[in-house]
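Below is one structure, written out as structure tokens; comments come after it.
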Amino acid sequence: MRKKSRLYRRRTALVGVGALTAGLLLTSPQSASAANLVKNPGFETAGTADMPACWEKSGWGNNDFSFTTTSDAHSGSKAMKVELTRRVDGDRKALITESAECAPVVAPGKQYDLGLWYKSTTPDASLTLFRHDAAGGWQYWTDLKTLQMQAGWTQTTVRTPEVPAGTDRITWGVSVYGTGSATTDDYTMEQVADPVPDPECTGTAEQCADGKWDVLATKNPVRSMHSVVLHNGKVLLIAGSGNDEAMFKAGTFTSAVYNPANGSYKIIPTPKDMFCAGHVQLQDGRVLVMSGNKGYPTADGTVGYQGYKDSYIFDPTTETYSKTNNMNDGHWYPSATALGNGDVISFGGLKEDSTGSVTAERWSDAEQQWLPTWKVNQTWSYWGLYPSMILMQDGRLFYSGSHVFGNNIPGTGSAIYDYDANTVTQVPGLQRKDERDQSASVLLPPAQDQKVLTIGGGNIDSNPDANRLTDVIDLKEPNPAYVAGPPLPQGTVDLGNGKVPQTGAQGKMYVSAVLLPDGKVLETGGALHNRANPVYESSIYDPATGTFDPVAADPEARGYHSSSFLLPDGRVMSTGDNPGNGTWNHNVSIYTPPYLLKGARPTITSVIDTEWNYGDTQRITVDRPIAKAELIRPAAVTHSSDPNQRFVDLPLSVDGNNIDLNVTSNPNLAPPGWYMLFAVDANGVPSVAKWVHLQGPSALSATDASAHVHSFADSPEGTVAGPGKKKTSQKVSPTVAGCDRHYGSINVCVPTAFPDEVKATTAARCDWLKANDYGRLKVNGKDDPLKLDRNRDGIACGKGDVAKR
């Protein structure tokens, strides 16, 4: 359905759109205090082309329809009826005319309350908005609310999100995308009053500007490198062998469940080495864990890491693992992306023989198992390790270019994958695509905007200074392309002789990015080089302004194998760090953002129903006024990667302390599962989250979200490739982890390439290893490629070696 309708989508925003006149941008703005910004709100004034003045027909697709000015009115003598008598795809809309005379003027950053009276004989009707961008013209903005079937006249209101920068006018109306009719009358549009002034700070001035970090007294008992926030508010911390070969050989595999409510940890028996597995929450709240470590590399580096085929499910209720059927391949470092129908798709990683897996895997929610290869569309492409695959609103996948270990995929380093068509289209613009190893990519708030931010990165093989690059892409554009974002703020870096300010183009890899309930993104942690030189810097990115604001830095080193994630109380937890020298940081840091130091926070006093369906209107009550509400999908993060993290805006209808929340009708925007529901006041202060479960009716959780798809990346002009020749795997170097196995033990990673500033001499390399806390290094085998054992006594960087400077 989606593929056939794509031909129509680019026309969607154009059908029925009048040409803009030069006067559009010169017209004086309407008064913000106007009682009603809609002209001819009751259709009483006649116009042209069988439509009332300031109203126009719009829509697309294969359907039979009619627009009728009817006398069956709520008030006055006229109302507008839109009816579909047959539909294959598409919709029909009655919209305010997109012209200088009719389209209401709006101000960026403001919100507007929209209201109308309606009757409907179909559940498939929604309130749809378009916006005019001063540079880009008219474009689809959002579907705000699904209208329930009503036999009699019913009033409904909804509050828009904040108007995006560059927007000067909007148009809106009702779209019908199923057989039946919607009749509307008496439209209203009023600007929301400006928010109240900021409350007084409850911390120090510095804390209220930058937040604060606290290092908890109780340490994390396991060497966790995977963190999953469970729908009961607890956190699953997965270690497996914890990158410790001795534990692997002993068969000692661990996980822990952390309870933020009381600070306790519970050790969980773990059946397999889930070190560097993939994981994702299923729609029922259980955690699917796929693959992991079947075997460590050999000491001489001739055999690399190996991924097993096993897969497990963790049940938060019983806090136990149970086995599923096997995957078709081993996948050490696989991706894991939840789809709009509850399935999970996975790419990449290393097979059982250390080669790269080219097999796509699909978990069927309906069958509760991994599907056989022949049931899964295959590109036979190697996507690398932990490739960041983000679900787009039309069901395609965006590979952001964030990955782990070495160079990016061939081409531009970023792509859109259409599973149904089984095609890959390259997306341009990603800066220095082969230095985005261990970068972070995140779907920016709100998910409806379809913008992705990619942050930092390096290259674990060539080991240059990590960069401070950021890139932003708007996936709504017909031909989306990355554009350069602002550079990362710089902090201090520990080069082995204490912390010094970063200079030049120095940034960080291993960076974490966390969606916050005020609609911003915290980036924190990271290191300058391959498992060494931690960077102490955190900042908050504001999607509305496209800027970073430096904030307090985590006092703990958070490099390789660290994770940061949002807790239901609005704080951020950070754990882990393994610089490669055999140490492990068991300290846990908690970040309190500035919004929690602005006085009392709003409270969600009741949630009428925690089981939500797509297109619902759900009522909550709050103890004081709020400005917005959203769903945030809980974290499942490792190695800077959490492609399922998303923030879904919930437009509001306000009646005192009763708030009606309008749930998206598109399951690709919010895949089924458990979400944290936050209510946020006008000062950006969030409530403590309530947990709600989003599960749509079968008709919506299937494949046809076309009624809510408007000109999103219709036909990208990049190079398009179909499935390649069938093959079993891709050859991968056993040093893919960037470690020279000729030295030390399995969990001690001497880099294959030293940083650029380290001279290629024994003395300089040994000085760097000593400064970064590498201990006694045994030489494995007879080769000494880095020339660290000059006296050939089997010990690298010994006194005899350094003496031969």
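Computed from heavy atoms alone, side chains included, the values below leave out hydrogens, waters and symmetry copies. Remember, predicted model here, so these are calculated numbers, not experimental data.
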So, [X] and [Y]: side-chain donor and acceptor under 3.5 Å apart, yes or no?
{"X": "N658", "Y": "T621", "answer": "no"}
{"X": "T324", "Y": "S311", "answer": "yes"}
{"X": "S441", "Y": "T454", "answer": "yes"}
{"X": "S564", "Y": "T524", "answer": "no"}
{"X": "S264", "Y": "N262", "answer": "yes"}
{"X": "N220", "Y": "T575", "answer": "yes"}
{"X": "S126", "Y": "S175", "answer": "yes"}
{"X": "S388", "Y": "S402", "answer": "no"}

Restricting to non-hydrogen atoms, name the atom on [X] and the atom on [Y] that form the minimum distance, rounded to 0.1 Å.
{"X": "L566", "Y": "I632", "result": "CD2-CD1, 3.9 Å"}
{"X": "F678", "Y": "P517", "result": "CG-CB, 3.7 Å"}
{"X": "I390", "Y": "P643", "result": "CG1-O, 4.0 Å"}
{"X": "L397", "Y": "L391", "result": "CD2-CA, 3.9 Å"}
{"X": "P594", "Y": "I540", "result": "CD-CD1, 4.3 Å"}
{"X": "Y321", "Y": "Y312", "result": "CD2-CB, 4.2 Å"}

[X] (side chain) donor-acceptor with [Y] (main chain) under 3.5 angstrom:
{"X": "Q393", "Y": "D449", "answer": "no"}
{"X": "E361", "Y": "N328", "answer": "yes"}
{"X": "R601", "Y": "S687", "answer": "yes"}
{"X": "R633", "Y": "P671", "answer": "yes"}
{"X": "E319", "Y": "K266", "answer": "no"}
{"X": "S640", "Y": "A440", "answer": "no"}
{"X": "T605", "Y": "T603", "answer": "no"}
{"X": "T270", "Y": "S255", "answer": "yes"}
{"X": "D394", "Y": "N668", "answer": "no"}
{"X": "T592", "Y": "I590", "answer": "no"}

Cationic tip of K272 above Y308 ring, under 6.0 Å, 45° of axis: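 The answer is yes; both the distance and angle limits are met.
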Would you say that [X] contacts [Y] through its side chain, given a criterion of any heavy-atom pair below 4.5 Å between the two side chains?
{"X": "T160", "Y": "L114", "value": "yes"}
{"X": "T218", "Y": "Y258", "value": "no"}
{"X": "V514", "Y": "Y591", "value": "no"}
{"X": "Y595", "Y": "L516", "value": "yes"}
{"X": "N613", "Y": "V663", "value": "no"}
{"X": "I238", "Y": "T638", "value": "no"}
{"X": "D343", "Y": "Y419", "value": "no"}
{"X": "L230", "Y": "F314", "value": "yes"}

Set of residues satisfying side-chain hydrogen bond (donor to acceptor under 3.5 Å, both in side chains) with respect to S227, sequence neighbours excluded: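 With neighbours one apart ignored, the set is empty.
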With V452, the side-chain contact (heavy atoms from CB on, under 4.5 Å) member among V472, D474, L443: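 Result: among V472, D474, L443, L443 is the only option passing the side-chain contact (heavy atoms from CB on, under 4.5 Å) with V452.
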Results of side chain to side chain contact (heavy atoms under 4.5 Å, CB included) for D681 - residues two or more places apart only: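 Side chain to side chain contact (heavy atoms under 4.5 Å, CB included) list for D681, sorted by chain: P602, R624, N683, V685.
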Worked check of ring pair (Phe, Tyr, Trp, His ring centres under 6.0 Å) between Y417 and F347: CA-CA 12 Å; Y417 174 55; F347 301 89; 5.7 Å; yes
Can you measure from [atom1] ([X]) to [atom2] ([Y]) and round to the nearest 0.5 angstrom?
{"X": "T146", "Y": "D616", "atom1": "OG1", "atom2": "CG", "result": "8.5 Å"}
{"X": "I659", "Y": "L661", "atom1": "CD1", "atom2": "CG", "result": "7.5 Å"}
{"X": "L694", "Y": "T610", "atom1": "CG", "atom2": "OG1", "result": "11.5 Å"}
{"X": "M290", "Y": "H331", "atom1": "CE", "atom2": "NE2", "result": "9.5 Å"}
{"X": "D660", "Y": "I608", "atom1": "CG", "atom2": "CD1", "result": "9.5 Å"}
{"X": "L129", "Y": "K145", "atom1": "CG", "atom2": "NZ", "result": "13.0 Å"}

Side chain to side chain contact (heavy atoms under 4.5 Å, CB included) assessment of Y541 paired with L444: CA-CA 10 Å; Y541 179 81; L444 290 171; 3.9 Å; yes
From CA spacing to verdict: side chain to side chain contact (heavy atoms under 4.5 Å, CB included), T142, W172: CA-CA 10 Å; T142 187; W172 57 284; over 6 Å; no
Verdict with supporting geometry, V163 and R131, side chain to side chain contact (heavy atoms under 4.5 Å, CB included): CA-CA 9 Å; V163 173; R131 67 184 186 90; over 6 Å; no
CA sep, side-chain torsions, deciding dist, call: W691, M676, side chain to side chain contact (heavy atoms under 4.5 Å, CB included): CA-CA 5 Å; W691 289 94; M676 292 181 283; 3.4 Å; yes
ring-ring contact (aromatic ring centres under 6.0 Å, His included) pairs, two or more places apart, involving residues 615-664: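 Qualifying pairs: Y333-H639, Y386-H639, Y560-H639, H561-H639.
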